[in-house]
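What follows is a short report on a single structure.
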Amino acid sequence: MSDRKQTCDVCGREAIGIQSLGCCASTVCKEHADPQMRSMKPGEKKEWGICFFHRFG
C-alpha cells in the first residue's frame, strides 16, 4: 500500500480498508464498512464467497 492517507469513497473520512462486494469495490471508513470488515483486525484479509475484504494495517 502507498504511504498516502486513504479516504472513504462515500464520505471522505479516513478509510479502514477496501471491500469488494461482488462486482463493486470501494475504500470505506468504519461507518460505511460492511460488518464483516469492521470485525477484522488491522492488516487482515478475508475472502467470503464473491466478497473480498482487506483491512488496512
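Hydrophobic clustering keeps Met40 apart from Ile50 (ILVMFWY residues linked when any side-chain heavy atoms are closer than 4.5 Å, directly or through intermediates).
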Result block: side-chain N/O donor-acceptor pairs under 3.5 angstrom for residues 27-35, not counting sequence neighbours:
from, atom 1, to, atom 2, distance (Å)
Glu31, OE1, Arg13, NH1, 2.7
Glu31, OE1, Arg13, NH2, 3.0
Asp34, OD2, Gln36, N, 2.9

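Checked by atom type and distance alone, the side chain of Arg55 never pairs as donor or acceptor with a backbone atom of Lys45 at under 3.5 Å.
A distance of 4.5 Å separates NZ in Lys46 from OG in Ser39, rounded to the nearest 0.5 Å.
Side-chain contact between Gln6 and Glu14: absent, with no pair of heavy atoms (C-beta onward) separated by less than 4.5 Å.
For the side chain to side chain contact (heavy atoms under 4.5 Å, CB included) with Ile18, the qualifying choice from Phe56, Phe53, Phe52 is Phe56, the only one to do so.
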